[in-house]
Amino acid sequence: PKLPGFGCHTVDDGNFRFVGVFALQLFDFLSDINLAVEIWLQPDVLSNYLLLGIAVASIVFILFPYAVNLRYASKINQLVAGNECAKMYFETSTTFYSLLVALSGSCYASMALCSSNIFGLDKFSAGLTQTEMKQLRKLRVISNTLLENIPQIIVQIVYAGFVLKSVNSAIVFAFIASILSATSTLLRYFVEREQTDVAGGGKHIIWYHLVLQISMNNVGQYGISEKQRKAIKNHKGRRKALISKLSELFSVLKQNITIARTDITKYGAILFVNHVVYASELLLMPENENSVNDGHGEGEGDAQLLPQLYLSRLFALQRHEIDQIFRAHFGLSNEFFVRQQFKLSTMKKGIWLVNQDERDIVDEYDHVQATQKMTVVAVPGQKLVDLELRWMQQTTVDSSLPVSSSEPGR
């Protein structure tokens, strides 16, 4: 759907369920406050010790989970440390995110709304993946369900059954909201945990960038034209369609590829991609590349090298088909092509300007460099040196061309 104005564009993967999660949390939070106010306004609240205890409990189990959620919100960069796209979002949208947390009393519900991608608005495109939201769901179980919903349900039952000996609208609304919130959260948490247990381990979750750029031979003084920029903007929200084409090309499940965000740059666009690689796929690699430096690795960094090498080979074999998919998807001409990057420095986010023939040299250099990290016998050292010299020569062919060094999306 597309919302007219407000900088919106068409999207095909807007998650309105996350909007429902935030709305239910907001309703639950406000109904608890409303009930607490009613309890404290009872004329005998100070003389009736049972009522006073209920009144104190109603406030405690609002303020304590609220403080816990504010604490989680303050550590948001640590919670999304593995997602560069989300880190960039929360660094630039701290005020908006903090406002949502303060309004709803929930760190998780606010993150869900920020990652819903509704209407293609940048404010709702944090880039958190479904897998990451599943992992973060335990925050909601602890801070909202265990610390707020269940205690509030007990408060409501005691207040209605032992003090009023009846029910009113405030109790009904608060009870329904608490029951719905607690039930939906716990049910989804245990179902997803069971699915994770059944699926088991043996998979690597890899982040990389797909850099869509115009060839150096066709770039204008100010980068891509306004028409090309508009074409990218109009289609960048159709992530599900692009994922479908890429998954068909790679013969993998659609759930294994996630495009978290697309940022338009001076020379094209950068797509933040999350890709699941199973251990069984790595076994298909050549024997001399299916090893890691005699087992003397350096922890998690080395553990990522083999799946990264696998993905670099996968893209190298399908590079021309990938170019065609992106051109057709964004409605661009043959002067655009795609490069894969696992890390992008500030300079590379401005996009190195090369033409399509030179792209092959750069890609070969990246692949050989990654291969040497994996095994000392795979590639002769001289070949890497030669490629590095050719890469430096090609990327400095015309230093007069403007190269943007600004961060995407700023």
Side-chain angles (χ1 to χ4, degrees), residues 1-2 9-15 17 83 85 115 117 120 125 127-134 195 198-200 202-214 228 231-264 268-286 289 306-342 356 359-360 363 366-367 370:
K2 179 178 179 180
H9 52 266
T10 303
V11 297
D12 59 3
D13 63 344
N15 195 334
R17 182 176 63 81
N83 186 331
C85 176
S115 300
N117 197 37
S125 299
L128 288 170
T129 66
Q130 294 283 352
T131 301
E132 289 171 322
M133 291 306 298
K134 289 178 183 178
Q195 291 174 344
V198 171
K203 65 180 181 180
H204 305 269
I205 300 177
I206 306 298
W207 280 95
Y208 57 85
H209 308 84
L210 291 181
V211 182
L212 173 66
Q213 69 174 89
I214 192 170
Q228 292 165 338
I232 296 174
K233 182 177 180 180
N234 288 342
H235 295 284
K236 75 173 189 174
R238 297 175 54 244
R239 302 189 297 205
K240 186 181 293 186
L242 184 56
I243 289 172
S244 178
K245 295 172 185 175
L246 291 175
S247 61
E248 289 177 4
L249 178 64
F250 300 144
S251 298
V252 299
L253 297 175
K254 295 178 183 178
Q255 299 92 313
N256 289 358
I257 301 176
T258 302
I259 298 176
R261 185 182 177 94
T262 301
D263 287 334
I264 300 177
I270 297 176
L271 287 75
F272 296 79
V273 183
N274 178 282
H275 198 131
V276 176
V277 179
Y278 292 99
S280 57
E281 297 177 87
L282 302 181
L283 298 176
L284 302 177
M285 296 182 65
E289 294 182 1
L306 187 57
Q308 286 183 2
L309 182 59
Y310 168 80
L311 288 174
S312 69
R313 289 177 60 87
L314 182 67
F315 274 79
L317 292 171
Q318 308 282 1
R319 67 179 66 176
H320 298 298
E321 288 83 355
I322 293 172
D323 288 344
Q324 293 173 6
I325 287 175
F326 271 72
R327 291 164 185 162
H329 179 81
F330 288 101
L332 299 171
S333 63
N334 293 340
E335 59 196 21
F336 282 85
F337 60 95
V338 180
R339 291 198 59 226
Q340 182 194 46
Q341 291 283 160
F342 290 102
Q356 295 187 48
R359 184 268 304 266
D360 295 342
D363 285 350
D366 289 341
H367 174 67

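Predicted model only: the values in this text are computed from it and were never measured.
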Measuring from atom CD1 of I214 to atom CD of Q228, what distance do you get when rounded to the nearest 0.5 angstrom?
4.5 Å
Taking the side chain as everything from C-beta on, heavy atoms only, tell me whether Q308 gets closer than 4.5 Å to I206.
yes
Identify the heavy atoms of K240 and D12 that sit nearest to each other, and give their distance.
N-OD1, 2.9 Å
Check whether any side-chain heavy atom of V252 lies under 4.5 Å from a side-chain heavy atom of E281, and answer yes or no.
yes
Minimum heavy-atom distance G127-C85, with the two atoms named
CA-SG, 4.0 Å
Taking the ring of Y278 and the ring of Y310, is the distance between their centroids below 6.0 Å?
no
Side chain proximity check, L306 to H204, heavy atoms < 4.5 angstrom
no
So, do N83 and F272 sit near enough that their side-chain heavy atoms are less than 4.5 Å apart?
no
How many angstroms lie between CG in L210 and CG in L246, if you round to the nearest 0.5 Å?
7.0 Å
Does the ring center of F330 lie less than 6.0 Å from the ring center of F336?
no
What distance do N256 atom CG and I205 atom CD1 have between them, rounded to the nearest 0.5 Å?
10.0 Å
If you take all heavy atoms of R238 and H329, which pair is closest and at what distance?
O-CE1, 3.0 Å
Between T262 and A269, which heavy-atom pair has the shortest distance, and what is it?
CG2-CB, 4.2 Å
F250 and H275 aromatic ring geometry - parallel, tilted or perpendicular at 30°/60° bounds
tilted
Donor-acceptor contact present, side-chain S312 to main-chain L309, <3.5 Å:
yes
Please report the shortest heavy-atom distance between S247 and K254, naming the atom on each side.
OG-CG, 3.4 Å
Distance check, rounded to the nearest 0.5 Å: I325 atom CD1 versus L249 atom CG?
4.5 Å
Step by step, work out the side-chain contact (heavy atoms from CB on, under 4.5 Å) result for Q341 and Y208.
CA-CA 6 Å; Q341 291 283 160; Y208 57 85; over 6 Å; no
Please report the shortest heavy-atom distance between N117 and S125, naming the atom on each side.
OD1-OG, 2.8 Å
What's the spacing between Q324 CD and K245 NZ if we round to 0.5 Å?
12.0 Å
Close side-chain approach of V338 and F315, heavy atoms under 4.5 Å:
no
Heavy-atom side-chain proximity of L212 to L332 below 4.5 angstrom:
yes
So CG of L271 and NE2 of H209: to nearest 0.5 Å the spacing works out to 10.0 Å
Donor-acceptor contact present, side-chain R239 to main-chain A260, <3.5 Å
yes
